[in-house]
Amino acid sequence: MACQELLLILDEYWSNPPELHNIPIYYASPLAKRCMAVYQTYINSMNERIHNQFANSNPFDFKHISPLKSIENFNDVGPSVVMASSSGLQSGLSRQLFEMWCSDKKNACVIPGYVVDGTLAKTIVKEPKEVTLTISLTAPLNMQVHYISFSVHADFAQTSTLLKELMPPNIILVNGEANEMGRLKQKLITQFAYRNTKIISPKNCQSVEMYFNSKKMAKTIGWLAEKTLEVGETSSGLLVKKAFTYQIMAPDDLHVFSQLSTTNIS
């Protein structure tokens, strides 16, 4: 939800200074646009602050922000703010705009979250003098580059607190930089040393197998349920599974409680 949170912050900030009203804000992300309908609908799942704003108007009906479908629909005249994907500047509208703007010192690129090694976003955080464009030519990097840690992901303290509450038998760590994931894994191993917790940090495309021991309960129905058993006495019937439920019934009751039937083979 980082994109939607940033849009809320920008729209609220833009509403105050009159000098900003003529500077448009665009978000160019097909996924963000599809998600927006969800956020506009499920306001009740938001925090109290959003509830209070919704009493007057839907905060996700932005007044100063509009979607941008493609670069052909973008009128690049005067100042503007564009939130575009992909966040790594590897492709898409963000890459197109970066290559258009990177050589002009009047422009700026703000990276509001984690960037992956090997991406253009990671490269420009180090502020090189030149960057390689899509067409394999180089261009001077004169624009300002700002990295801001704005993440909706949980930190170690929040993650470990949740795991202490859940006490899962298996923990799988995914979607992170290899060295940081290794550090997280070692901390969790130390934290859960007293438990037989399996902690895995698989590589991309690596298969993971987990084994679960779960108790299954079957209910006796029909004629078998009417029969009172003495201590130590056993009963027999057909075990029928439907979805996640199990039932034991007499063969004669099979057609009553299910769409199955029995037959005799001689």
Side-chain angles (χ1 to χ4, degrees), residues 1-5 29-52 54-55 58-61 152-154 156-176 181 184-185 188-189 191-266:
M1 190 181 169
C3 175
Q4 283 70 28
E5 285 197 51
S29 169
L31 179 59
K33 186 177 181 180
R34 291 196 296 269
C35 290
M36 199 62 68
V38 177
Y39 293 110
Q40 291 171 341
T41 303
Y42 296 99
I43 295 294
N44 290 334
S45 300
M46 308 294 174
N47 59 28
E48 185 177 353
R49 182 168 177 268
I50 299 297
H51 290 174
N52 294 335
F54 187 66
N58 192 325
F60 289 100
D61 289 336
V152 294
H153 296 90
F156 175 75
Q158 295 167 327
T159 301
S160 59
T161 299
L162 175 64
L163 292 174
K164 285 179 182 178
E165 292 288 334
L166 298 177
M167 286 300 184
N170 301 284
I171 300 173
I172 303 177
L173 306 176
V174 297
N175 192 24
M181 295 287 279
L184 176 59
K185 180 179 179 180
L188 292 177
I189 289 175
Q191 180 173 315
F192 291 94
Y194 65 98
R195 288 178 51 86
N196 188 25
T197 302
K198 187 177 181 181
I199 303 174
I200 310 167
S201 180
K203 297 180 180 179
N204 290 342
C205 302
Q206 178 182 340
S207 299
V208 175
E209 292 185 356
M210 292 181 291
Y211 299 91
F212 300 92
N213 294 321
S214 60
K215 295 181 180 179
K216 295 181 175 62
M217 181 179 296
K219 293 183 179 180
T220 304
I221 60 174
W223 177 80
L224 288 180
E226 298 175 1
K227 182 181 178 182
T228 303
L229 298 178
E230 302 295 335
V231 176
E233 187 179 358
T234 61
S235 179
S236 63
L238 298 176
L239 177 65
V240 179
K241 177 185 177 183
K242 183 178 181 181
F244 297 100
T245 62
Y246 296 85
Q247 297 174 330
I248 301 175
M249 62 191 73
D252 292 341
D253 286 336
L254 187 64
H255 71 283
V256 178
F257 296 101
S258 74
Q259 296 179 349
L260 305 175
S261 60
T262 60
T263 186
N264 295 320
I265 300 176
S266 58

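Side-chain atoms are counted along with the backbone in the values below, which use heavy atoms only and exclude waters and symmetry mates. Residues: numbered from 1 along the sequence shown.
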Donor-acceptor pairs under 3.5 angstrom involving side-chain atoms of residues 196-212: please list them, not counting sequence neighbours.
unit_1: Lys198; atom_1: NZ; unit_2: Glu209; atom_2: O; d: 3.3
unit_1: Gln206; atom_1: OE1; unit_2: Lys203; atom_2: N; d: 2.9
unit_1: Glu209; atom_1: OE1; unit_2: Tyr211; atom_2: OH; d: 2.8

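By the 6.0 Å contact criterion, CD on Gln259 is open, its count of non-hydrogen atoms from other residues, nucleotides or ligands being 12 or less. More than 12 heavy atoms of other shown residues, nucleotides or ligands fall within 6.0 angstrom of atom OH in Tyr194.
For the residue pair Phe192 and Lys164, the shortest heavy atom distance occurs at CZ-N, 4.2 Å. Leu224 and Gly237 make their closest contact through CD1-CA, 3.9 Å (heavy atoms, listed as atom of the first residue, atom of the second, distance).
For the pair Lys241 and Gln247, the minimum side-chain heavy-atom distance is 4.5 Å or more. The side-chain heavy atoms of Tyr246 and Val240, taken from C-beta on, include no pair separated by under 4.5 Å. Leu188 has its side chain within reach of Leu163: a pair of non-hydrogen atoms, C-beta onward, lies under 4.5 Å apart. A 4.5 Å side-chain heavy-atom check between Thr220 and Ser235 finds every atom pair outside the cut-off.
With sequence neighbours excluded, the residues that form a side chain to side chain contact (heavy atoms under 4.5 Å, CB included) with Thr245 are Lys242. Partners of Asn52 by side chain to side chain donor-acceptor pair (under 3.5 Å), not counting sequence neighbours: none found.
Here the straight-line distance linking atom OG1 of Thr234 with atom CG of Leu229 works out to 8.0 Å at 0.5 Å rounding. With rounding to the nearest 0.5 angstrom, the CD atom of Glu233 is 9.5 Å from the OG1 atom of Thr228. Here the CG-CG distance, from Leu184 to Leu173, works out to 5.0 Å after rounding to the nearest 0.5 Å. Taking CE of Met249 as the start and CG of Leu254 as the end, the distance is 6.0 Å to the nearest 0.5 Å. One finds the CG atom of Leu162 at 11.0 Å from the CE atom of Met167 (value rounded to the nearest 0.5 Å).
When atom types are taken as modelled, the side chain of Asp253 and the backbone of Trp223 share a donor-acceptor pair closer than 3.5 angstrom. With hydrogens and angles ignored, the 3.5 Å screen pairs a side-chain donor or acceptor of Ser160 with a backbone N or O of Ala157.
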